[in-house]
There are 2 protein chains.
Amino acid sequence: MNRDPAIDRRIRKSKKTLKNSLISLMQSKDFRDISITDIVALADLNRGTFYKHYQYKEELLEEVMEDVIADLIISYREPYKHVDVFTIKELSASVIKIFEHVANFADIYTLVLKSNALPTLHDRICEELKNLPLEDLENYRPNRKINKELASSYQAYAILGMIIEWVNTDFEYSADYMAQQLLEIITNRPIDAVYKISKTFKEGELK
Amino acid sequence: MNRDPAIDRRIRKSKKTLKNSLISLMQSKDFRDISITDIVALADLNRGTFYKHYQYKEELLEEVMEDVIADLIISYREPYKHVDVFTIKELSASVIKIFEHVANFADIYTLVLKSNALPTLHDRICEELKNLPLEDLENYRPNRKINKELASSYQAYAILGMIIEWVNTDFEYSADYMAQQLLEIITNRPIDAVYKISKTFKEGELK
DNA sequence: GTAGTTAATGAACATCTGTACAGTAAGTTT
DNA sequence: AAACTTACTGTACAGATGTTCATTAACTAC
């Protein structure tokens, strides 16, 4: 994270200090209520330094998340790094790794997702989850009739949905349980099920 | 939309003018660059009036979306309004209605989703998509092993994923096609498929 | 080590934000 | 129609934003 020697050490230091400052402030304050002045005050940097590197605080937080997402990608890919085919076995392993990754960064996921801070965080995570199969799997095309792009977007957001639900329960379940649930949902969808329309809905309708 | 006679007409008028003003400004400007001063200037209202009803511009946009989401709910429920059981048939119909609803409000979905404006819009849409089966279906529990909450969050975000993908293609497909794709994805997931790991990924790994 | 580059500083400025308050106008209730 | 209630206005103010610029300090490349 931020160790590229090609980048001026002063920039590395300033950015790192600003990130830490923001994360620190987010522990005690809503993202909304944190001003750029707050951030640079805690970082002990000039306000101009902030604007040299970022346009607004969202951009700073995005950069914090980029580091996290980089780890997500590595985690997901790890299980099929050394094999040539991707089957349900590799999928299981990848899925477990994803949930483990989220558990590892539980603090920051909680902070960011619960603070409603980043409009684009969802999109960034999904973009990666969407592209991973598209990039890594040569003949990825679930079946002839299925639109590849729609299917990966479906799948990516679905996993994000589980992550968000998980964060909202304050990580009530284990990463293994989450992975097992995802596989259960994918494999055992009872499509011929019959549900009863609940009375409360029907009654609500009789205005 | 906003016709409750219990609410003071002045409030109704002010809010409506502010909403129109914001939507109008969003046609030509990034949400980010629209100031509250801009909004009230175009609306020809005092700035204090804005703050009387909203804390910040995001809240105003949220209210715009609430009207849209109300229609989404009605659309989804329409197909099983007059039946007692919910099967794949009702699901198909509901799903078609959802995509038709999005197509009807294509302008505003495009405006809001592409402007990266609302952190919570995703969550609001998903909240509703999540709750609809939970509220309306009496014995909704896909199968014994599956966690109801996780499954509905999965499903809700998955559909949102398709909507977002659809918006990003500028509505390249028809609502019927979208519905058909969703059903295809749900029913025909080839879980025993085998994919080849692509060369580009494997080569990328040999740093 | 020196020269050249560029990041960080401090100060200054116009604009926007968020809040307050007294006065006016428009609504609702009886 | 009169009495009330409350939304909107105009003004004012302290603080935050976003930008600019000359100066100083730190880093890189040679």
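A, B, ... follow the sequence lines: proteins, then strands. Residue 1 opens every chain.
D:dT17 atom C1' lies 11 Å from atom CZ of A:Phe50, rounded to whole Å. Between B:His53 atom NE2 and D:dT9 atom P the separation is 9 Å, expressed in whole Å. Distance CG (A:Leu45) to C1' (C:dG10): 14 Å, rounded to an integer number of Å. Rounded to whole Å, atom P of C:dT9 lies 11 Å from atom NZ of A:Lys52. A straight line from CD1 of B:Ile7 to P of D:dC8 spans 12 Å, rounded to a whole angstrom. The NZ atom of B:Lys13 sits 16 Å away from the P atom of C:dA25 (whole-angstrom rounding). Spacing between atom CG of A:Leu18 and atom P of C:dA7 amounts to 14 Å, rounded to whole angstrom units. Between the CZ atom of B:Arg12 and the C1' atom of D:dT6 there is a distance of 15 Å, given to the nearest Å.
Here the side chain of A:Ile36 is nearest to one of C:dT9, D:dA7, D:dG18, namely D:dG18. Looking at the side chain of A:Asp8, the nearest of the listed nucleotides C:dG27, D:dC27, D:dC8 is D:dC27. For B:Ser35, taking side-chain heavy atoms from C-beta onward, the closest of the listed nucleotides D:dT17, C:dC16, D:dA26 is C:dC16. Counting only heavy atoms from C-beta on, A:Arg47 has its side chain closest to D:dT19 among C:dT17, C:dG27, D:dT19. Minimum atom distance to the side chain of A:Arg10 is reached by D:dC27, of the listed D:dT17, C:dC16, D:dC27.
With B:Phe31 as the aromatic partner, B:Lys57 meets the cation-pi criteria of under 6.0 angstrom to the ring centre and within 45 degrees of the ring axis.
Backbone-only engagement by B:Arg9 is indicated by non-hydrogen atom pairs under 4.0 Å involving sugar-phosphate atoms exclusively.
Taking only side-chain nitrogens and oxygens, B:Thr49 comes nearer than 4.0 Å to OP1 or OP2 of D:dT9. The phosphate of D:dG15 has neither OP1 nor OP2 within less than 4.0 Å of any side-chain N or O from A:Thr37. Taking 4.0 angstrom as the limit, A:Tyr51 places a side-chain polar atom (N or O) nearer than this to OP1 or OP2 of D:dG18.
DNA chain C is contacted by both B:Ile34 and A:Asp44; A:Asp44 maps to the nucleotide lying nearer its 5′ end (nearest heavy atom per residue). Where B:Gln55 and A:Gly48 meet DNA chain C, the nucleotide closest to each residue was compared, and A:Gly48 sits on the side nearer the 5' end.
Note on ring orientation: taking the six-membered ring where Trp is involved, the planes of A:His122 and B:Tyr157 are perpendicular (angle over 60°, cut-offs 30° and 60°). A perpendicular orientation is assigned to the rings of B:Tyr76 and B:Tyr80, their planes being inclined by more than 60° (bins at 30° and 60°).
Contact of B:Asn46 with D:dG10 (side chain to base): a donor-acceptor pair of N or O atoms is detected under 3.5 Å.
Atom CD1 in A:Ile39 sits 6.5 Å away from atom CD1 in A:Ile34 (nearest 0.5 Å).
A centroid separation of less than 6.0 Å is found between the aromatic rings of B:Phe99 and B:Trp166.
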